[in-house]
Structures are given as structure tokens and as C-alpha cells.
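Both counts, for ligands and for their atoms, begin at 1 and track the order of listing.
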Amino acid sequence: MSAALLRHPRLISLEGGEGAGKTTAINAIHACLRAHGHEVVLTREPGGTPLAERIRALVLKPDEAIAGEPLSAEAELLLVFAARAQHVRQVIQPALRRGAFVLTDRFTDSSYAYQGGGRGLDATWIADLERRVVGLLPGLTLLLDVDVETGRARANGRDLWPDRIESEQDDFFQRVRAVFRERAQQDPQRFALVDASQVQQQVAADVVARVEQFLHNGEGA
Ligand code: TMP
């Protein structure tokens, strides 16, 4: 694969911290794209293929046989990129080639935020993997932004069994949020920042408005 990044107009990603309301928002975007008559492949990361879903389980919910072995930040990064390599080749590229939209719950920005910001890994390493392994940038990235306390309060109410990453401390999530916001600021053409502290229906309405605007401007060609 070439080492350049192609921004694809039919690839849309949704990003955000814990408890940002991604599920309601992504279902609303899905319905919106379908109402415009588009084929939509709804998918997620880490995951989206059988193998990538297995990798997701290794990263987020390791079973008893391996749960006692600490997962290094470097291994975590390489695992999420291994999952992404499969996802891009097995699902995303074929869908884009046949003219479908791909709507993904998280993409490479999450690696910058969680493994770069949260774990403190070097962003140039992540950028190198992105160019070599992914090669694609979303045409539109919706970032659901909410302060860490509010997001965690929501997530805690929902998750009885927090996963490896949900079990991190607030300072980890502060760094995650800071990187997401920084990336959105650096690339306002691609990112739409949505205030996710609002009630979920309003968040969903805001993201749909941003998608409608994106389609209207002919960006989602
Ligand atoms: P979620 O889809 O329920 O938000 O869970 C996915 C978790 O995986 C979330 O805590 C963020 C984390 N993650 C990474 O750490 N790096 C990545 O590259 C991706 C896609 C997700």
C-alpha cells in the first residue's frame, strides 16, 4: 500500500470518549444516510471482522487465561492496528469500492487519543502505522465531546463490568479528550465537534445536521 493518506468522501467516523452517546448518534446517522438512498455499512473498531472482533476481546476483555499478563502499551497499539488492517481490507475498502458509505464507530483518531494521549505513545509512530497500514482518512469525523466527569457518570450507570480501558483513571481520559480536541482543532475541514453534554436526542439531532450539511455540500460524493 502507498504511504499516502487518502481522504475518502464516503467514509464517516464517529469518535468520542466514554459515555458520549455514540450508539444513539450512530443509529441516527445510519437512518439519515439510508433515507438519502445510500447503501451504508455500519461497523466499529476495534472490530468489524471476525478476526478483528477477536482482537477487540483480547484488548478490552481478556479471558482468564491471559488476564493476569499485563498488556503493554506497545502491544495494545499493534493489536488495534492489526484489527484495523483486517477491517480496512476486508470491509472498508470493498464497501467503498462498490459505492457504499462506511459509517464506523471509531477509527484511527481513537489510536491517537487512547494509545497516544492516554498511554503516552509517540504520535509519529502512530502516524507511520496509519500511512502504512490504513492509508485512509474519513471524509467526515464527528467528535462527540463531553467532559470526563459527565461522560464517566453516564458510562458507569451503564456498565456493570467495565473493560480494561473503561477501568482507567480520570487523568487517562483527560489526556484522551485533549488529543481528540487538538486533532479536531488542527483539521476543521474533516472534523465536526458536537457538544455531547446535551441530552442524547439533541446530540443525535446535531450529528444528523452535520451529516446533512456534509451531503448537501457535495462532500459525501
Ligand atoms: P467502544 O467502542 O465501546 O467505545 O469501545 C472501544 C474501546 O477501545 C474504547 O475504550 C476505546 C478503545 N480504542 C483504543 O484504545 N484504540 C483504538 O484505536 C480504538 C479504535 C479503540
Side-chain angles (χ1 to χ4, degrees), residues 11-27 29-30 42-49 51-62 70-88 90-92 102-123 125-138 141-146 148 150-152 154-180 183 194 196 200 203 207:
L11 176 60
I12 297 180
S13 62
L14 189 67
E15 298 280 4
E18 316 297 305
K22 282 192 289 108
T23 308
T24 311
I26 208 159
N27 290 334
I29 304 169
H30 189 198
L42 181 60
T43 185
R44 70 169 181 180
E45 289 207 346
T49 80
L51 176 55
E53 290 290 333
R54 291 281 283 274
I55 296 173
R56 177 188 178 97
L58 289 177
V59 172
L60 298 178
K61 302 247 176 192
L71 181 61
S72 67
E74 290 79 4
E76 185 179 89
L77 175 70
L78 293 170
L79 284 171
V80 293
F81 267 97
R84 185 165 298 127
Q86 287 300 109
H87 189 214
V88 165
Q90 299 298 314
V91 175
I92 298 180
V102 174
L103 177 56
T104 183
D105 183 345
R106 300 194 182 279
F107 199 51
T108 316
D109 294 299
S110 276
S111 299
Y112 285 97
Y114 284 81
Q115 281 66 50
R119 305 281 187 222
L121 293 177
D122 189 343
W125 190 22
I126 301 174
D128 199 31
L129 284 169
E130 181 182 30
R131 275 192 305 274
R132 288 169 189 272
V133 175
V134 184
L136 276 174
L137 271 179
T141 296
L142 297 137
L143 174 58
L144 302 192
D145 181 56
V146 63
V148 171
T150 308
R152 294 213 82 179
R154 283 188 194 149
N156 289 343
R158 189 189 57 200
D159 294 333
L160 289 179
W161 309 105
D163 64 34
R164 265 187 70 253
I165 292 181
E166 286 162 347
S167 308
E168 288 295 336
Q169 302 299 309
D170 280 2
D171 60 332
F172 176 93
F173 293 105
Q174 305 283 10
R175 295 194 297 276
V176 167
R177 185 185 186 207
V179 170
F180 272 139
R183 291 181 65 74
V194 173
Q200 284 193 359
V203 175
V207 294

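- Within the 4.0 Å heavy-atom criterion, both parts of Glu45, backbone and side chain, lie near ligand 1.
- The existence of a salt bridge linking Arg152 and Glu168 is excluded, since no basic side-chain nitrogen approaches an acidic carboxylate oxygen closer than 4.0 Å.
- Both tests do not hold together for Arg183 against Phe180: distance to the six-membered ring centre under 6.0 Å, angle to the ring axis within 45°.
- Checking Arg44, Glu18, Glu166, Arg56 against atom 2 (O) of ligand 1, the nearest heavy atom belongs to Arg56.
- Protein heavy atom in closest approach to atom 19 (C) of ligand 1: Ser110 CB, 3.5 Å.
- Remark: ligand 1 atoms within the under-4.0 Å shell around heavy atoms of Lys22 are 1 (P), 2 (O), 4 (O).
- By the criterion of a heavy-atom distance under 4.0 Å, neither the backbone nor the side chain of Glu76 is placed next to ligand 1.
- Counting only heavy atoms of the protein, atom 12 (C) of ligand 1 lies nearest to Ile165 CD1, 3.7 Å.
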Show, in sequence, the C-alpha distance, side-chain angles and deciding distance for Arg44 and Glu53, and conclude whether the salt bridge (Lys or Arg N to Asp or Glu O under 4.0 Å) test is met. CA-CA 9 Å; Arg44 70 169 181 180; Glu53 290 290 333; 2.6 Å; yes
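- When only modelled atom types and interatomic distance are considered, Gln90 and Thr49 share no side-chain donor-acceptor pair under 3.5 Å.
- Distance alone, capped at 3.5 Å, is enough to place a donor-acceptor pair between the Glu15 side chain and the Phe107 backbone.
- For atom 18 (O) of ligand 1, the closest non-hydrogen atom on the protein side is Ser111 OG, 2.6 Å.
- Residue, atom and distance of the protein heavy atom nearest to atom 20 (C) of ligand 1 are Arg84 NH2, 3.4 Å.
- More than 12 heavy atoms of other residues, nucleotides or ligands lie within 6.0 Å of CZ in Arg164, so this atom counts as buried by the packing criterion.
- Scanning the protein heavy atoms around atom 9 (C) of ligand 1, the nearest turns out to be Arg106 NE, 3.8 Å.
- Pro46 CD, 3.5 Å is the protein heavy atom nearest to atom 21 (C) of ligand 1.
- Counting only distance, with no hydrogens or angles, the side chain of Arg106 and the backbone of Pro46 share no donor-acceptor pair below 3.5 Å.
- When heavy-atom distances to ligand 1 are checked against a 4.0 Å cut-off, Leu60 comes that close only through its side chain, counted from C-beta outward.
- Looking only at protein heavy atoms, the nearest one to atom 16 (N) of ligand 1 is Gln115 OE1, 2.8 Å.
- Counted by atom type alone, Tyr112 and Glu130 present one or more donor-acceptor pairs between their side chains at under 3.5 Å.
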